[in-house]
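Encoded as structure tokens, the structure appears first; notes follow it.
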Number of protein chains: 2
Amino acid sequence: MRSPYDLEISETCSVCRFCAERLFRNLPASTLHAFDAIKSLSLYPKGATLFVEGQQPRGVYVLCAGRAKLTASSPEGKTVIVRLAEPGEVLGLSATISGEPYHLTAETIEPCQADFVRRDDFLRYLREQPEVSLRVIEMLSEILRTAHAQIRSFGKAHSAAERLAGLLLCWGERMGDRTQEGIHLKLPLTHQEIAQMIGASRETVSRLLGELRHQQIISLNGSGLLIRNSDALSVKAGH
Amino acid sequence: MRSPYDLEISETCSVCRFCAERLFRNLPASTLHAFDAIKSLSLYPKGATLFVEGQQPRGVYVLCAGRAKLTASSPEGKTVIVRLAEPGEVLGLSATISGEPYHLTAETIEPCQADFVRRDDFLRYLREQPEVSLRVIEMLSEILRTAHAQIRSFGKAHSAAERLAGLLLCWGERMGDRTQEGIHLKLPLTHQEIAQMIGASRETVSRLLGELRHQQIISLNGSGLLIRNSDALSVKAGH
DNA sequence: GTTCCAATGTGACAGTCGTCACAGAGAAAG
DNA sequence: CTTTCTCTGTGACGACTGTCACATTGGAAC
């Protein structure tokens with residue numbers, strides 16, 4: 001399993017496997033080099049803020065290692081976690097392109113490594129390398145797809161139990177380790193944050209996790225989670 | 001207010017104001033003509049299905065006149081309305097580009113006029129007209145923004161009353177007619193469909209609309225709605 | 001180890017809302 | 001005009017879950 005601490009520092013994205021796979025798949029080396037010329041690499045500790053909802057867009061962040069949460073806050077202080085971003089994703093894309101303020105806040109939940117590209121550099125880059133636009137379209141499509149899946153789960157899965165089960169299954173697929181016991185994974189978020197993802201209260205998440213543990217569907221120790229019976233979890237998720 | 005019946009048939013998109021404003025804004029005439037060469041115009045009655053979730057992508061539909069609903073259905077038959085599409089929007093974009101099946105179903109809710117472009121034609125067009133890719137990126141960004149706003153409202157607005165108030169306000173802005181009495185608009189959806197949009201039951205929507213009417217915040221006659229006190233509605237929406 | 005603070009577990013209670021059931025209203029077709 | 005079907009309004013009731021309150025645990029800093 002990927003640990004937050006095994007950051008392999010790579011000065012050029014030519015050797016950054018995540019970026020190479022996603023943003024630059026099947027593109028010529030010249031395109032990568034042009035990117036290297038405009039990006040600047042930074043390291044961020046856990047809890048660092050990349051950009052805040054409402055700020056004028058400075059540019060995009062290409063997440064090379066580590067994960068970040070994308071949140072939206074209401075004036076009264078209620079926060080919703082819209083999604084988790086994984087290595088290879090480009091953050092701040094829609095704001096950077098449209099020029100409107102960032103509409104989400106990006107905060108690292110692990111130590112992260114990210115490339116930053118200034119807005120005007122990025123727009124010029126897109127014009128000069130039209131092939132990259134197609135990749136960007138693909139990435140936006142994929143993000144949109146997950147967003148629609150989330151809307152669907154909110155609209156359909158009326159109980160918090162269903163949405164939690166769905167989230168755990170999703171995490172199991174995306175970042176779990178299959179063993180004979182089941183699927184091992186480390187919860188990337190606190191109960192409070194999980195609650196903010198599925199539109200529930202912290203207490204409800206606590207109770208539901210306790211219930212799943214009591215039913216032998218999962219095991220918990222600290223932030224470690226073992227999905228012992230993913231079929232039962234699927235049933236609870238309404239799949 | 002735009003009526004579903006005043007479809008101005010236009011054989012080329014050079015004169016279709018919605019497409020010209022959105023997909024082709026600031027682009028040369030040659031780009032439009034290249035589009036005219038690959039599109040085919042169709043008329044659809046109310047209730048027509050453009051494409052269905054799970055189908056292999058045939059291509060994109062550019063909505064020229066009329067509105068459509070984009071839905072996602074679960075195996076058990078529960079349907080969620082993910083969003084309403086307005087003239088100028090391109091439907092089926094992400095599936096057409098990625099080649100994966102359509103992940104939503106598109107159905108007209110009014111008589112519609114739409115241009116269809118076959119998948120391979122559209123992909124070739126994007127490659128040959130790189131400027132269009134930037135427009136596509138802008139459009140996807142905007143759709144993503146609205147999707148995130150919807151996720152936020154599901155996560156934050158825990159009561160159905162809040163979400164309904166938010167939806168009515170949004171509709172008032174997008175398709176309402178301001179008069180001295182308030183904002184007039186025609187409800188584009190039935191109570192059942194509104195319920196599918198805000199994640200509630202039909203009965204709850206009925207009751208909540210009745211309550212708003214009783215509080216003099218709105219008036220209803222048939223599918224006509226008048227927002228008499230949009231400030232009060234804002235308060236209910238939690239804005 | 002000790003201290004301290006954030007994260008978690010749990011009980012009680014009230015409010016929201018989904019579900020079932022049925023009545024009335026409108027609209028389209030004959 | 002009548003029929004028929006969809007859409008809408010409303011009551012009753014129970015389940016879910018948000019909120020408040022507090023105990024407990026765990027981990028990090030010293």
Side-chain angles (χ1 to χ4, degrees), chain A residues 4-5 45-47 69 74 76-81 109-111 154-165 167 186-215 218-225 236-238, chain B residues 4 45-47 69 74 76-81 107 109 111 153-165 167 186-215 218-225 236-238:
Chain A
Y5 301 103
K46 173 177 177 173
K69 62 178 179 182
S74 58
E76 317 95 73
K78 274 196 178 177
T79 299
V80 176
I81 298 181
I109 59 172
E110 298 168 350
F154 270 118
K156 177 188 71 180
H158 281 147
S159 80
E162 282 181 56
R163 293 197 298 272
L164 178 61
L167 183 65
K186 183 179 171 303
L187 289 179
L189 299 176
T190 66
H191 291 189
Q192 173 66 61
E193 290 170 315
I194 293 172
Q196 290 170 348
M197 273 200 92
I198 66 173
S201 68
R202 181 195 65 78
E203 293 90 331
T204 296
V205 170
S206 245
R207 273 188 263 264
L208 289 173
L209 284 175
E211 196 180 315
L212 288 174
R213 186 178 43 188
H214 188 256
Q215 295 168 344
I218 63 172
S219 303
L220 286 167
N221 63 340
S223 66
L225 180 140
K236 289 209 178 259
Chain B
K46 173 177 176 171
K69 62 178 178 183
S74 58
E76 317 95 73
K78 273 197 181 179
T79 299
V80 176
I81 298 182
E107 184 182 333
I109 58 172
S153 100
F154 269 118
K156 177 188 71 177
H158 281 147
S159 80
E162 283 181 55
R163 293 198 296 274
L164 178 61
L167 182 67
K186 184 179 170 305
L187 288 179
L189 300 176
T190 66
H191 291 190
Q192 174 67 62
E193 290 171 315
I194 293 172
Q196 289 171 349
M197 274 200 90
I198 65 172
S201 68
R202 180 194 67 75
E203 293 91 331
T204 296
V205 171
S206 246
R207 274 187 262 263
L208 289 174
L209 284 175
E211 195 179 316
L212 288 174
R213 187 178 42 189
H214 188 257
Q215 294 168 345
I218 62 172
S219 303
L220 286 166
N221 63 336
S223 64
L225 180 140
K236 287 206 179 263

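Labels below follow one simple rule: chain letters A, B, ... track the order of the sequence lines, proteins then strands, and each chain is numbered from 1.
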Counting any heavy atom closer than 4.0 Å, what does A/S159 reach on the DNA or RNA strands: base, sugar-phosphate only, or nothing?
sugar-phosphate
Atom CG in A/L187, atom CD1 in A/I194: separation rounded to 0.5 Å?
5.0 Å
Euclidean distance, atom CG of residue A/L220 to atom P of C/dT10 [Å, nearest integer]:
11 Å
So does A/T204 get a side-chain nitrogen or oxygen closer than 4.0 Å to the phosphate oxygens (OP1/OP2) of D/dG18?
yes
Can you tell me how far P of D/dT6 sits from CD of B/E203, to the nearest Å?
16 Å
Of the non-hydrogen atoms in A/E211 and A/K236, which two are nearest, and what is the gap between them?
OE2-NZ, 4.5 Å
Check the distance between D/dG18's P and A/L164's CG and give it to me in whole angstrom.
12 Å
Check every strand shown and say whether A/S201 touches a base, only sugar-phosphate, or nothing at a heavy-atom separation below 4.0 Å.
base
Rounded to whole Å, how long is the line connecting atom CD1 of A/I109 with atom P of C/dA7?
13 Å
To the nearest angstrom, the CD-P distance between A/E162 and D/dT17 comes to 9 Å
Whether the side chain of A/R202 and the base of D/dG18 hold a donor-acceptor pair under 3.5 Å is what I'd like checked.
no
Between C/dT8 atom P and A/L189 atom CG, what is the distance in whole Å?
10 Å
Please lay out, stage by stage, how B/L209 and B/L164 fare under the test side chain to side chain contact (heavy atoms under 4.5 Å, CB included).
CA-CA 9 Å; B/L209 284 175; B/L164 178 61; 4.0 Å; yes
Here the distance between atom C1' of D/dG9 and atom CD of B/Q192, to the nearest Å, is 14 Å
Backbone N or O of B/L220 within a donor-acceptor pair of the B/R213 side chain at under 3.5 Å?
no
Provide the closest heavy-atom pair for B/G199 versus B/R163 in the form atom of the first, atom of the second, distance.
O-NH2, 3.3 Å
Kindly say whether, by distance alone, the side chain of A/R207 makes a donor-acceptor pair under 3.5 Å with the base of C/dG11?
yes
Nearest-Å distance for atom pair NE2/P, residues B/H214 and D/dT8
21 Å
Is the shortest side-chain N/O distance from A/H191 to OP1 or OP2 of C/dA6 below 4.0 Å?
no
